[in-house]
Amino acid sequence: MAENSKQSDEDIRKAASDSVRQGESVRERVRELMLNTLTSRRFDREAIRETVRVVTEGVSLGAEGSRAGTRQSVAEALRGMDQALAKSVEAGQEAIHRLLETGRGVSDRELQQALAGLQKLEEDFVSTVSQVAESASERVRPEFRDAASQVTRGGTETGRQIAAAMTELTRNLAGTSVKAALAGIEIAGEFGVRFAQIASGVLAGMADAVDKSSAEAKKHS
């Protein structure tokens, strides 16, 4: 996993393309690529959105020469991306919990910003995939649109994880003023840095677990 931290956007784009072109275990390959890439970058909305864009572009390129059906290969790739993003939401949720438990100071505004960022991940995922689909080649574009619609029609795993996180966090914080319960934070950017660091660490652990699980599955296949 660590080697992905040295990969450029072009490397990641090519890895995604190769995963789709090979047509085997597409969902698992793309999910692992997404997770590994996300853990090598800062945990914030802009970086996550950029990762989605680069991987989706690779998926689009790979669909040109996919050994399996184009629509099925793209749909599987998008599901893998969705699963990785759902893990990101879970990591963000855990990071918020840890920050609150430390008692080192989290304001209402900062908490709201963190929650709002998590809520935007599904929207960013769907809009970015749609944008890339429109810029795909004429041969791939219709299949890509159908695959994207197929994945999002019933709701994404990312969206379901966001809903669960919001429900759980709202229930736990109901009737509590975070600002009153915890000391204020003086440095405006400190919360963002701590949140990103914790969430990245949690996500890295999740990615390692996925890697180990995949390796074990391959041994017994």
Side-chain angles (χ1 to χ4, degrees), residues 27-28 30-39 41-53 55-56 75-103 106-130 147-179 181-182 191-192 194-214 217:
R27 186 186 307 195
E28 291 77 10
V30 173
R31 181 186 63 208
E32 290 179 22
L33 174 64
M34 273 282 290
L35 278 173
N36 294 342
T37 303
L38 288 167
T39 59
R41 301 182 174 189
R42 179 181 168 86
F43 191 99
D44 61 28
R45 184 182 175 191
E46 182 178 350
I48 293 173
R49 185 166 47 201
E50 178 65 10
T51 297
V52 171
R53 182 186 65 79
V55 174
T56 307
E76 284 294 291
L78 296 183
R79 287 193 182 95
M81 294 171 64
D82 184 21
Q83 290 174 349
L85 285 176
K87 288 293 185 184
S88 295
V89 175
E90 189 178 344
Q93 178 184 2
E94 177 62 22
I96 290 173
H97 274 303
R98 294 188 186 184
L99 284 167
L100 292 174
E101 288 172 356
T102 63
V106 180
S107 71
D108 289 332
R109 179 181 59 81
E110 290 164 336
L111 179 60
Q112 289 167 1
Q113 288 177 340
L115 293 174
L118 292 181
Q119 287 178 304
K120 290 290 185 180
L121 291 186
E122 182 188 33
E123 178 185 325
D124 290 344
F125 172 46
V126 174
S127 63
T128 301
V129 167
S130 297
S149 176
Q150 178 183 339
V151 170
T152 59
R153 190 179 299 118
T156 64
E157 287 194 33
T158 302
R160 285 188 284 275
Q161 183 62 45
I162 289 171
M166 295 305 107
T167 298
E168 191 267 343
L169 287 170
T170 300
R171 183 177 64 249
N172 287 348
L173 296 172
T176 301
S177 171
V178 178
K179 186 179 294 184
L182 303 173
F191 174 82
R194 286 190 287 147
F195 174 76
Q197 289 174 337
I198 295 172
S200 292
V202 173
L203 189 60
M206 292 178 178
D208 283 338
V210 169
D211 286 344
K212 290 176 182 177
S213 177
S214 297

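All values below were derived from every heavy atom in this structure, side-chain atoms included, with hydrogens, water molecules and symmetry-related copies excluded. None of the values given here were measured: they were computed from a predicted structure.
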[X] [atom1] to [Y] [atom2] distance, which is reported to the nearest 0.5 Å:
X	Y	atom1	atom2	result
I162	K120	CD1	NZ	10.5 Å
T51	N36	OG1	CG	11.5 Å
Q161	Q93	CD	CD	6.0 Å
R160	E122	CZ	CD	9.0 Å
F125	I48	CZ	CD1	12.5 Å
T128	R49	OG1	CZ	6.5 Å

Quick one: closest heavy-atom pair of [X] and [Y], and the distance?
X	Y	result
F43	A91	CE1-CB, 4.4 Å
A147	A75	CB-N, 3.7 Å
R45	D124	NE-OD2, 2.7 Å
T158	A86	OG1-N, 3.5 Å
L38	S88	CD1-OG, 3.3 Å
V52	M81	O-CE, 3.6 Å

*Quick one: does R42's side chain have a donor or acceptor within less than 3.5 Å of a partner on A47's backbone?*
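Pair absent, no side-chain N/O of R42 close to backbone of A47.
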*Is it true that a side-chain atom of D82 and a backbone atom of T156 form a donor plus acceptor pair closer than 3.5 Å?*
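Such a contact is absent between D82 side chain and T156 backbone.
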_I'd like to know if E28 pairs up with R31 as an ion pair, taking the criterion as any Lys NZ or Arg NE/NH1/NH2 lying under 4.0 Å from an Asp or Glu carboxylate oxygen._
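Between R31 and E28 there is no salt bridge, as every charged N stays at least 4.0 Å from the carboxylate O atoms.
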_Which residues share a salt bridge (Lys or Arg N to Asp or Glu O under 4.0 Å) with R53, sequence neighbours left out_ =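 Scan of R53 (salt bridge (Lys or Arg N to Asp or Glu O under 4.0 Å), adjacent residues dropped) gives E50, E57.
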*By salt bridge (Lys or Arg N to Asp or Glu O under 4.0 Å), which residues pair with E76, not counting sequence neighbours?*
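If we apply the salt bridge (Lys or Arg N to Asp or Glu O under 4.0 Å) test to E76, skipping adjacent residues, the hits are R27, R79.
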